[in-house]
Structures are given as structure tokens and as C-alpha cells.
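Below is one structure, written out as C-alpha cells; comments come after it.
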Protein chains: 2
Amino acid sequence: MIPIARPVSRRGEGRERVVQAALDLFAVHGISGTSLQMIAESLGVTKASIYFQFRTKEEIVTAVLAPALESLGDLVDRAEGLPGEEARRDAAVTGLVDLVVRHRRLVALLRGDPAIAIMMKAHEDHVGVVDRLGNLLLGTHPTPQTQVTMTMLGGGLMMSGADPELVGLPDDVLRAELLRCARALV
Amino acid sequence: MIPIARPVSRRGEGRERVVQAALDLFAVHGISGTSLQMIAESLGVTKASIYFQFRTKEEIVTAVLAPALESLGDLVDRAEGLPGEEARRDAAVTGLVDLVVRHRRLVALLRGDPAIAIMMKAHEDHVGVVDRLGNLLLGTHPTPQTQVTMTMLGGGLMMSGADPELVGLPDDVLRAELLRCARALV
DNA sequence: GTCTATAGCCCGATAGAC
DNA sequence: GTCTATCGGGCTATAGAC
């Protein structure tokens, strides 16, 4: 958000290394299950070094999730601009499938950890995006049928990013199969 | 495992109170996010009292999950006894839907916490049940299509137990809608 | 069966030298 | 930018009085 005064060394490449290491560990142990100690050790440095790049652990989590949340925001913006409720819903569904495939491990992260839900509520703009996505998928007057269907869809997509059985599947195969399932549901 | 010499007071009713309190807290904060302190406080006692009933936290977790895992074992036993691959798969699917509805909050627990996966691997018998369930659903020669479909199904069912939007739905409505979704998928 | 008290560990985060 | 060292606190788990 705020453009930080350029540090002496090149760009935020130190931050990027931390984010990558954190993502690897989050994917295995979850967010709460990953300590700064573990991140530091996997980089061969100490905890204190990481605190030079990030001021809190939460700042690392938001940095890890940022790309997926940004893509989600773009997707919602795009879908909302379409004319007709069905077209908007279809754009939301196919966009979600695409997002899950592109950010597989990140979505797997959103799956479980209660820490995520707490963190999301702290950033109201993200809550707004999720609500708008809900409107696209469910319409403004949700029925039990649409609610259950969309929970099945969302949950299934999330788990598909997480499932170790599916990591070997190429992106295009996974995308095609997920689309088939999604279309069968809606 | 080892049958403990019967305590002076009636049966394991102290254990049951702990299990109920733990389930309530696990559902909100996750397993790793719930400390013995929190469980003790919600019961109005101290941590040490709980250690009179359970020797470790993991023992509490297994006690909480036991009913659902037992139901799952029964379901797999029953389905495997049927003649014909399709009949077995159908029994597995409908049985799963039923199990999710009956043990909603428990299933929500299985959803997220990586601690669960680690714990499950420690008990090989549970792993065996999951593998047998996989065979029922996927057949012995899984294809990408069946793999993705079953991940969508399993993930969707889990999230349906977890989703706060759906807790207000009566059991029979939820069961009917989940069955409709499941049949649409397979 | 419940209590107080505490051991021993790891956590996130900070201070300050280099 | 990385280090050592440490603080304050929460955690699981145990010891022992009542």
C-alpha cells in the first residue's frame, strides 16, 4: 500500500525469500503450526533476521496470501461488470476454478486455519470481497439449495488445492476436471 | 487401551464432560488453538484436574474423534459387504452424507487442522479405514476424473459440516441437499 | 478428584553489538 | 542484515497437599 523508501540493497528480495519459505512451511504445518524459528531455520538464519524484514508474524501471513487475495478481487470486479445474473455467476465459477488452479497451495492454506478467518476479519476490504463473491454465486436471495451447492463447490475447490493426491496432476487436466465438477453442481 | 481400575465415582462421566467441553472449543478455535487451560476454565476447574482423566492432550483429541471414526469404520464394513462395484460406491456415498449430517461439528474438525492428519497416521487402523473408503469410492484403478470428483465430494462434505451459514439448516434438509449434490457429482 | 505450585520448553518479539 | 541474548508469557505435563 504505502511505497516504502527503497532500502540500501536491491528491492525486497529478502522479503520474497521469507515469503517463499513461509509458504512451503505453511502448506505442511498450517499457519499456527509454523513458528518463526522454523522459517528462520529453513533459510539458515535466525529469528531476529526475519524481524528485519517483517515486524510481526501476521505481516508475513498477509504477504503470503496477498497474490491470491488480489486475484480474487480482480475476479470479482470483472464478474460484477457483466450483464445478467447467470453470466455473472458463470464468470465467478469459472474464475474461481482458474484461481484455484493458479494458486493451488495458497488456496489449500485458506482451507483450514482458524487464524485465517480471524485475520481476514481484521481487514474489512477482504471481507467485502468475500461478501460480493457470495452475492455473485448465491444471488441476493439465497435458498438452502443454493447455499449447500455453493458450500460444496467452494469446499471442494479448496480441498482440491490441498489434496496431496492431486499435486501430480498437470494444471490443464486439473482445471478441466474441476470445471466439469463445478458445472455438474450448478 | 489398558482398562483402568474403576474410580470411586460413577463411570467415566468426568471424561465425558471434558470431551463435550473440548468439542465446543475445538469447533471454534481448532485443535491447536485450544489449550488445556481453556478447556479447564470452561469447566470451572484447573488443568491438573483434567490430567486426572486424560494423560495427554492427544488422548482428549482421540476421545473427541472416536464416535465419528467408529461410524466411519461401520460404514466401510457395511459397504464392502455389498455385491457389485456400483452398489458399493453408492452405499459409500450415501453413508458418507449421512455420517456428515450426524456428526456435523466433528467433521468440521477433521477439515482443517494439520494436527489431525499427523495424529491419524499414528493410528494405523484409521489409515486402513480411509484407504478402504478410497477403494470404495475410486475403485482400484483411479483416474484423474474419479480422483478429482472424489476430492470435490469429500471436501465439499467436510466444508458443509464446518460452514457457519449451514448450521441453521435442519438435519433432513441438509441431508437431502447434500445427497442431491453428491449424486450430481458421481 | 480437585487444588496450588512449578518444571521445562517454545513462542513472538525486542535490544543492542557488529 | 545478521548475530547473541533475553524478556514475558503460554504451553503441556508433573508433584504433592488436601
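Letters go in sequence order (proteins before strands), and every chain restarts at 1. What you see is a predicted model; the values in this text were computed from it and never measured.
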Check the phosphate of dG10(D) against S35(B), side-chain N and O only, distance under 4.0 Å to OP1 or OP2. Yes or no?
no
If the cut-off is 4.0 Å, is T46(B) near the phosphate of dT2(C), judged by side-chain N/O to OP1 or OP2?
no
Which whole-number value in Å describes the distance from [X] [atom1] to [N] [atom2]?
| X | N | atom1 | atom2 | answer |
| --- | --- | --- | --- | --- |
| H29(A) | dC11(C) | NE2 | C1' | 16 Å |
| R17(A) | dT2(D) | CZ | P | 7 Å |
| E59(B) | dA13(D) | CD | P | 10 Å |
| M38(B) | dG10(D) | CE | P | 12 Å |
| Q37(B) | dC9(C) | CD | P | 20 Å |
| Q53(B) | dA13(D) | CD | P | 15 Å |
| F54(B) | dT14(D) | CZ | P | 15 Å |
| F52(B) | dG16(D) | CZ | C1' | 14 Å |

Need one value for S32(B): base, sugar-phosphate or nothing, where a base atom within 4.0 Å counts as base even if backbone is also close, heavy atoms only.
nothing
Are the side chain of [X] and the backbone of [Y] linked by a donor-acceptor contact shorter than 3.5 Å?
| X | Y | result |
| --- | --- | --- |
| T149(B) | Q145(B) | yes |
| K57(B) | T34(B) | yes |
| R88(A) | L136(A) | no |

For the side chain of [X], counting heavy atoms from C-beta on, which of [options] is nearest?
| X | options | value |
| --- | --- | --- |
| K57(A) | dA13(D), dA13(C), dC3(D) | dA13(C) |
| Y51(B) | dT14(D), dT14(C), dC3(C) | dT14(D) |
| A48(B) | dT14(C), dA5(C), dC11(C) | dA5(C) |
| K47(B) | dA13(C), dT12(D), dA15(C) | dT12(D) |

List the atom of A21(B), the atom of I39(B), and the distance in Å for their closest heavy-atom pair.
CB-CG2, 4.4 Å
By nearest nucleotide on DNA chain C, pick out whichever of V45(B) and L36(A) is the more 5' one.
V45(B)
Taking D171(B) first and then R102(B), would you say they form a salt bridge - that is, a charged N and a carboxylate O separated by under 4.0 Å?
no
